[in-house]
Number of protein chains: 2
Amino acid sequence: MANIKDIAKKAGVSVTTVSRVLNNHPYVSEDKREAVLRVMEEFNYQRNINAVHLSKGETLLIGVVVPFTNHPYFGQLVEGIANEAMKNNYKLVLFQTNYEEDREIEALKMLQHKQIDSLIICSRICEWDVINQFTEYGPIVLCEDARNRNVSSTFIDHYMSFSNALEYLHNKGHQKIGYCIGRKTGANSRQRGKAYADFLKRIDEPYKEEFIFYECLHFEHGEEVVQRLSNMDNPPSALLVTNDFAAAGIVTSCRENGIHIPDDLAIMGFDNQPIAKIMHITTLEIPLVQMGRQLLLQAIDGKKHTHQEISVKLIERQTV
Amino acid sequence: MANIKDIAKKAGVSVTTVSRVLNNHPYVSEDKREAVLRVMEEFNYQRNINAVHLSKGETLLIGVVVPFTNHPYFGQLVEGIANEAMKNNYKLVLFQTNYEEDREIEALKMLQHKQIDSLIICSRICEWDVINQFTEYGPIVLCEDARNRNVSSTFIDHYMSFSNALEYLHNKGHQKIGYCIGRKTGANSRQRGKAYADFLKRIDEPYKEEFIFYECLHFEHGEEVVQRLSNMDNPPSALLVTNDFAAAGIVTSCRENGIHIPDDLAIMGFDNQPIAKIMHITTLEIPLVQMGRQLLLQAIDGKKHTHQEISVKLIERQTV
DNA sequence: CTGTTAGCGCATTCAC
DNA sequence: GTGAATGCGCTAACAG
């Protein structure tokens, strides 16, 4: 494949001139520019991007770390990131980690190695001291409250929104409230757990481990929750479900088992995915696509660290 | 940041030797290797991957073209691709195209520009003549029957499987059968459309445009289908739904509208996603994760063009 | 085993 | 306006 030197020779100019027309530099006479263009056409010239990267030290590639690609929460987030990336002429390198720390470190190392310009971490398992080792190599953006940290972030105040949701259920007359969540640890999960514990104290209810359901990620996990619920002597009367698909699964499973919603069990979802609307699920809207957009913009504009709090909205429907 | 030359100088060896220890080349004496390693440690040396790419002409990056990331079909496919990529030390560059041809061309151009080693196209809008212009630049792998083409492919015989599904419904006593699908065009959709038309001819039924429902991609689209169904004087008695989530949406919507399944309406899904199991939906299993794996392997091993047909399996449950 | 050297393809400084 | 020269950081003949 022809390179810049071949073009230069054939067009009777220097490589510099060729480089200039390549980069739309003004200092090049019209006739030479045309000559170069003509030869490029003739040779079907394609510039070698890797050489450009080496020379400029940037790649227009942004890394995106997600635990799973095949999950509606991260699906929407990545959708937002991808749309904004497209607009800004960036491409994405996807890291599906399955919450394995090594995968996350691989991503961080690509940042260090300048194979990506910046890194968006949508959810992580690694500790802060790991991330801190890499902040010097390029912008890192988190999807969690990271205000006092050396990175940028876009986040929801999960403590607040979870508290409000619990309060809402309480005001509706519920005293025994449980919740379903993806995982035990993780910054966002911890915030929610704390909100839950504090709420119980406030209303003077005992903390019951069995009211918390982990690994609630997909529609199909709703079945297991209802199963466990059915076996309880004293089940909760309301459930906060941090994912609308899991909530939909619970609602569906309840129907099959003759559990009436919201009378026997109130369900409150999260995210306001389309499925929540169809199934009339009361939910807390989280603008994931918009958050994705924001994350990407912060990744591009990584010189200064910024922090964006996104607010949520309660959507009242028929499951509470 | 220190480079290979700095290391060489400090360690008192040549850059070649440094390069050798970097690449685990055997021809290095143990003491020099250790010396180099020590200096690397001391300088916290990180090799510049872009320089490696430029020098070697490969990037260990594989492009993946999908119309939407946030869709369970492509979610599973990408999951399979990502897992296998991880195993083989490749990373993925994700192209979310929304079925815009320009986005697909961008991906193809990255192949041409050697920014990715090969390209997996999970679904496309562009014509073959576009793809053909890029086959010389690197391996291209399609997720559709591309046997007589200049690429590799992993695919389902959609004509056959659709025919069989229709036959199955017919044997169950259904004469008026419709289907729901993502889009009108597209290689796989066309195969299915042809199977449908041929089937109707075989059983001597008229082709009714209103029995075909397009844009059936997500759970929420089930509602619209049921809506339209309710307004029909002479609705189909069975529906083939090329996506389990859409099928689940239809089932859910039918319940709300007092349409009994399978008596009033039989539903047959596709993919065998977990949701199909929970909702007892009869479906045609398509091993998407496995297909993703295969696609990636073909992308890596792109010297020769190979073609893998994947077979589907009927899963009988309660909606037919 | 080891080092010298010539690329890889492009960007950019500096002198003309 | 233009081009020669140098550098980006690494790999891989080739010669020793």
Side-chain angles (χ1 to χ4, degrees), chain A residues 1-40 43-61 109-117 137-138, chain B residues 1-40 43-61 109-117 137-138:
Chain A
M1 229 159 44
N3 63 23
I4 199 175
K5 201 153 58 182
D6 302 333
I7 304 294
K9 194 186 298 172
K10 181 77 177 184
V13 300
S14 75
V15 291
T16 312
T17 302
V18 177
S19 176
R20 290 216 175 93
V21 347
L22 232 31
N23 295 289
N24 293 315
H25 192 89
Y27 288 177
V28 54
S29 65
E30 204 41 52
D31 47 341
K32 296 215 173 188
R33 155 169 279 115
E34 276 172 17
V36 169
L37 254 22
R38 205 170 316 117
V39 177
M40 283 182 175
F43 280 32
N44 184 26
Y45 170 76
Q46 297 300 333
R47 103 164 107 184
N48 181 319
I49 304 277
N50 287 312
V52 178
H53 293 164
L54 174 58
S55 201
K56 307 235 291 195
E58 64 167 29
T59 62
L60 295 182
L61 247 34
K109 284 203 168 158
M110 278 185 67
L111 183 65
Q112 179 178 35
H113 293 166
K114 306 271 174 227
Q115 199 174 6
I116 52 182
D117 290 348
Y137 301 119
Chain B
M1 225 157 48
N3 63 26
I4 198 174
K5 203 155 53 180
D6 301 333
I7 304 295
K9 194 187 299 173
K10 179 77 177 185
V13 301
S14 73
V15 291
T16 310
T17 303
V18 178
S19 175
R20 289 217 176 92
V21 347
L22 233 30
N23 297 287
N24 292 316
H25 192 89
Y27 288 176
V28 177
S29 65
E30 203 43 49
D31 47 342
K32 296 216 172 190
R33 155 169 280 114
E34 275 172 17
V36 168
L37 254 22
R38 207 171 315 118
V39 177
M40 284 182 175
F43 281 31
N44 185 25
Y45 170 76
Q46 297 299 333
R47 100 164 111 185
N48 181 320
I49 303 276
N50 288 310
V52 177
H53 294 163
L54 174 59
S55 197
K56 308 234 292 194
E58 64 166 31
T59 62
L60 296 181
L61 246 34
K109 284 202 168 156
M110 278 185 67
L111 183 66
Q112 180 178 33
H113 293 164
K114 305 270 175 228
Q115 200 176 4
I116 53 180
D117 291 348
Y137 301 117

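Note on naming: letters A, B, ... go to the chains in the order of the sequence lines (proteins, then strands), and numbering restarts at 1 for each one.
Atoms CG (B:L22) and C1' (D:dG9) sit 11 Å apart, rounded to a whole Å. In this structure, CG of A:L54 is placed 12 Å from P of D:dT11, rounded to the nearest angstrom. Remark: C1' of D:dT11 and CD1 of B:I4 are 8 Å apart, rounded to the nearest angstrom. Whole-Å rounding puts the B:I7 CD1 to D:dT11 P distance at 13 Å. Between B:N48 atom CG and D:dC10 atom C1' there is a gap of 8 Å when expressed in whole angstrom units. Here D:dC8 presents its C1' atom at 16 Å from NE2 of A:H113, a figure rounded to the nearest Å. Counting to the nearest Å, the P atom of D:dA13 and the NZ atom of B:K56 are 11 Å from each other.
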Next item on the list: Please assess A:M40 against A:L22 for the test side chain to side chain contact (heavy atoms under 4.5 Å, CB included), listing each intermediate value before the final yes or no.
Entry: CA-CA 10 Å; A:M40 283 182 175; A:L22 232 31; 3.2 Å; yes
Check: For B:V36 and B:R20, what are the C-alpha separation, side-chain angles and deciding distance, and is it a side chain to side chain contact (heavy atoms under 4.5 Å, CB included)?
Finding: CA-CA 10 Å; B:V36 168; B:R20 289 217 176 92; over 6 Å; no
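Side-chain atoms of A:N23 do not come within 3.5 Å of backbone N or O of A:H25 as any donor-acceptor pair.
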Expected rows: protein N/O vs nucleotides 1-4 of chain D N/O, under 3.5 Å:
unit_1: D:dT2; atom_1: OP1; unit_2: A:S29; atom_2: OG; d: 2.7
unit_1: D:dT2; atom_1: OP2; unit_2: A:S29; atom_2: N; d: 2.5
unit_1: D:dT2; atom_1: OP2; unit_2: A:S29; atom_2: OG; d: 3.4
unit_1: D:dG3; atom_1: OP1; unit_2: A:K32; atom_2: NZ; d: 3.3
unit_1: D:dG3; atom_1: OP2; unit_2: A:S14; atom_2: N; d: 3.4
unit_1: D:dG3; atom_1: OP2; unit_2: A:T17; atom_2: OG1; d: 2.5
unit_1: D:dG3; atom_1: O6; unit_2: A:R20; atom_2: NH2; d: 2.8
unit_1: D:dA4; atom_1: N7; unit_2: A:T16; atom_2: OG1; d: 3.4
unit_1: D:dA4; atom_1: N6; unit_2: A:T16; atom_2: OG1; d: 2.6

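Chain A approaches DNA chain C over the interval C:dG9 to C:dT13, counting the first and last nucleotide 5' to 3' with an atom under 4.0 Å from its heavy atoms.
Contact annotation for A:N50: no contact, since no heavy-atom pair falls under 4.0 Å across all strands.
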